[in-house]
Number of protein chains: 2
Amino acid sequence: MNIGDVAKHAGLPAKTIRYYEDIGLIQPDRGTNGYRDFSENDLHKLRFLGQARSLGFSIEDCRDLLALYEDKDRASADVKHITEEHLEKIDSKITELQAMRRTLAHLVQACAGDDRPDCPILADLATARADPA
Amino acid sequence: MNIGDVAKHAGLPAKTIRYYEDIGLIQPDRGTNGYRDFSENDLHKLRFLGQARSLGFSIEDCRDLLALYEDKDRASADVKHITEEHLEKIDSKITELQAMRRTLAHLVQACAGDDRPDCPILADLATARADPA
DNA sequence: CATAAGGGTTCCAGTTACAGGAAGGTCAAG
DNA sequence: CTTGACCTTCCTGTAACTGGAACCCTTATG
């Protein structure tokens, strides 16, 4: 299978697939013409990677997950551990964004948004916050 | 004021301040020894930038906000517009992360996390999702 | 006066996960 | 034979810094 077909079937851009090969996530064969020749297993891996990436796992997490996926003697605890750590990161990110969201929503609501220069948003940004020294 | 002092007062790393000068957000003077010499106004700008960045505004947004901040003839509508667009981006990001969160939480909860190889997380990742072709 | 500590300076590389684009080889069809 | 749609590699750029090397300036101290 050529890269274009694999891309369609895996739902990933060809650029991304080449990149995944570059960083050693997959090792497709090569035809005599130099074209990559993807196996069914390569396709499975790429789908796996696409799914993991869409859940926000980092490439390095994906590398580890893929290794566990192919290790039939793995312990599910290892997979769970990676996933839990990832979940925690997502949670902190959500919390952080929600805090920003609250502040921004207040500011937007407080700003007239007309042609006058008075602006609570700029006033807030200009308010010094850091100067413990 | 030297960069170290400004860094303390603004709550930003010196590296970041140099970077902000590089990309033209601030233009501190230079002393005869080549050291940057920051004015009170520079410090205000840096605090402004720190605050805007902590609310998740991009550097380019910050550049625009800073220009509006210094333009006493600005229209608050311009500021509000930037902020609303930023708020929308934050909202989509939150929504996206919450979707990941839900899936990940289900998977974590379904995984035994012991020394056996059976793992619903890997099973889910391995489940082909993209193949509309 | 030499030196050592603690500033400051520039510049270059690395980070994340690709995307865009140039230059050029390959293949099937008309 | 040429055209168009593939494929290849390689280089650059993205965002917003961070780390580190190599080197200069200043001040205090023995």
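First the proteins, then the strands, lettered A, B, ... as listed; each starts at 1.
The phosphate of D:dC17 has OP1 or OP2 within less than 4.0 Å of a side-chain N or O from B:R53. The phosphate of D:dC24 (OP1 or OP2) has no side-chain N or O of B:Y35 nearer than 4.0 angstrom. The phosphate of C:dA17 has neither OP1 nor OP2 within less than 4.0 Å of any side-chain N or O from A:T16. Applying the 4.0 Å criterion to OP1 and OP2 of D:dC25, one finds that B:R30 has every side-chain N and O outside that range. A sub-4.0 Å separation between OP1 or OP2 of C:dG8 and a side-chain N or O of B:R36 is absent. In terms of phosphate contacts, A:N33 brings a side-chain nitrogen or oxygen within less than 4.0 Å of OP1 or OP2 of C:dC27.
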Test log, rule salt bridge (Lys or Arg N to Asp or Glu O under 4.0 Å), inputs A:D37 and A:R30: CA-CA 5 Å; A:D37 181 21; A:R30 295 291 178 136; over 6 Å; no
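The two residues A:P120 and A:L107 have their closest heavy-atom pair at O-CD2, 4.0 Å. Closest of all the heavy-atom pairs between B:S76 and A:G113 is OG-N, 3.2 Å.
To the nearest angstrom, C1' of C:dA13 lies 15 Å from OH of B:Y19. One atom, NZ of A:K15, and another, P of D:dG13, lie 14 Å apart when rounded to the nearest Å. Taking atom CZ of B:F38 as the reference point, atom P of C:dG7 lies 16 Å away to the nearest angstrom. Straight-line distance from the CG atom of A:D22 to the P atom of D:dT12: 16 Å, rounded to whole Å. Rounded to an integer number of Å, the gap from A:D29 CG to D:dC7 C1' is 16 Å. Atom pair B:F57:CZ and D:dC17:P shows a separation of 15 Å (rounding to whole Å applied). Taking atom CZ of B:R63 as the reference point, atom P of D:dA15 lies 11 Å away to the nearest angstrom.
Side chain of B:I3, nearest nucleotide from C:dT9, D:dC17, C:dA19: C:dT9. Distance from the side chain of A:R18 is smallest for D:dT9 among the nucleotides D:dT9, D:dA16, C:dA17. The side chain of A:S58 has C:dA17 as its nearest neighbour among D:dT18, D:dC25, C:dA17.
A:Y69 is linked by a ring-ring contact (aromatic ring centres under 6.0 Å, His included) to A:F48, counting only residues two or more places apart in sequence or in another chain.
A side-chain donor from one of A:D42 and A:S39 sits under 3.5 Å from a side-chain acceptor of the other.
Within 4.0 Å (heavy atoms only), A:Y20 reaches sugar-phosphate atoms of the nucleic acid but no base atom.
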